[in-house]
There are 2 protein chains.
Amino acid sequence: MNIGNRIAELRDARALTQEQLATTLGISRAALSHYEKNRRQPDFDTLIKLADEFNVSVDYLLGRTKRPEITLDPVVRQFVDDLELSEQEILERFSLKVDGTKLSPEEAKRFIAFVRAERSMETNG
Amino acid sequence: MNIGNRIAELRDARALTQEQLATTLGISRAALSHYEKNRRQPDFDTLIKLADEFNVSVDYLLGRTKRPEITLDPVVRQFVDDLELSEQEILERFSLKVDGTKLSPEEAKRFIAFVRAERSMETNG
DNA sequence: TAGATATGATACATAATGTATCCTTTGCAG
DNA sequence: CTGCAAAGGATACATTATGTATCATATCTA
């Protein structure tokens, strides 16, 4: 997925014409067409205007991420990192809720400490 | 915060010289210097190489976000957003890791009991 | 203080961009 | 059908930005 496709996709989703979006961005329709056809690269200013306009991340526009969210909450990110939950197969199937309620960051931390403590006892005892 | 500052910042944090980073990126040192001084804008290819190299989001490089986190893979995102961690699922296919070691079913069970107990205490106390 | 190292500044050939304009397709009213 | 208009793709070309070599300017340090 490249930037052109993403722009066209987002524009279509809003039922905007190239003319309309171009005007909003302050560029010519021709330029926008070039972007959508991956013949030109918008400058950073226009890139950010696009991201703002569609409320997506630049990473998404560039096809670097599959989802448009800007970033995950850092706490969640940290949580995932700490748990070493990085294997896709696993992650496809699980997220951490207990009895329907998400684990809070504090709970996650305590969880980790808990597991470590238990293991430590197993090892030493 | 503009891209130049971010690049210089990240490069300094790794104690890399412009020469070293430029080589890694496959560009001239002069070009990198221009980027850091905000005299030129790297093309998308270089932009993404930079983000990959430093493991940050392009949004961060562009100064669009304050934190460097990249958007997680959608699978991870889903994992975080929505998962019900039932004991049955845990027993069947749960494989959280802590410190690189998989959680055993017993550990998973204790974990759930642990979370429930804590929540109970919060609710009642 | 000379030499090495790192980085900023500059010039200029080269490459990319922005826009006007033309072309093609599609939908639809008559 | 036919003609028209809207939308978007293609092209040409003047303009602008970029990449790099090279020079200049610190900053260490032996």
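Just so we're on the same page: letters track the sequence lines, and every chain starts at 1.
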Note to self: D/dA7, OP1 or OP2 - any side-chain N/O from A/Q20 closer than 4.0 Å?
What the structure shows: no
May I ask you to verify whether the side chain of B/H34 and the base of D/dT20 hold a donor-acceptor pair under 3.5 Å? yes
A/E19 atom CD is separated from D/dA5 atom P, nearest whole Å, by 17 Å
Separation of D/dG9 atom C1' from A/R11 atom CZ, nearest Å, is 12 Å
Comparing A/D12 with B/G26, nearest DNA chain D nucleotide closer to 5' gives the residue A/D12
Quick one: does A/N5's side chain have a donor or acceptor within less than 3.5 Å of a partner on A/A8's backbone?
no
Ranking D/dA10, C/dG8, D/dG9 by distance to the side chain of B/R29, first place goes to C/dG8
Review point. Quick one: is D/dG9 close enough that its OP1 or OP2 comes under 4.0 Å of any side-chain N or O from A/Q18?
Key: yes
When B/L16 and A/A30 are each assigned the nearest nucleotide of DNA chain C, the 5'-most assignment goes to B/L16
Taken to the nearest whole Å, CD1/B/I27 to C1'/D/dA21 is 15 Å
With the side chain defined as heavy atoms from C-beta on, B/S28 is closest, among D/dA10, D/dG19, C/dT7, to D/dG19
| field | Main-chain N/O of A/V58 paired with B/D59 side-chain donor or acceptor, under 3.5 Å | value | yes
- Query: Should B/Y35 be listed as having a side-chain N or O under 4.0 Å from OP1 or OP2 of D/dG19?
  - Reply: yes
Only pairs under 3.5 Å count here: list side-chain donor-acceptor contacts from residues 26-34 of chain A, not counting sequence neighbours, and write none if there are none.
residue: A/S28; atom: OG; partner: A/A31; partner atom: N; Å: 3.1
residue: A/R29; atom: NH1; partner: A/Q18; partner atom: OE1; Å: 2.8
residue: A/H34; atom: ND1; partner: A/R39; partner atom: NE; Å: 3.2

Rounded to whole Å, CD of B/E36 lies from C1' of D/dT18 at a distance of 17 Å
So CG of B/D43 and OG1 of B/T46: to nearest 0.5 Å the spacing works out to 4.0 Å
Value for CG (A/L47) from NZ (A/K49), rounded to nearest 0.5 Å, stands at 12.0 Å
CG (A/L10) and CG (A/L21) are apart, to the nearest 0.5 Å, by 9.5 Å
Under a 4.0 Å heavy-atom cutoff, the residues of residues 38-45 of chain B touching DNA chain D are B/R39, B/R40, B/Q41
The nucleotide from D/dT20, C/dA9, D/dG8 with an atom nearest the side chain of B/K37 is C/dA9
Rounded to whole Å, CG of A/L32 lies from P of C/dA20 at a distance of 14 Å
* Asked: Is the NZ or CZ atom of B/R14 both under 6.0 Å from the centre of the six-membered ring of B/F54 and within 45° of that ring's axis?
  -> no
Q: Using a cut-off of strictly less than 4.0 Å, decide whether A/S33 has a side-chain nitrogen or oxygen near OP1 or OP2 of D/dG9.
A: yes
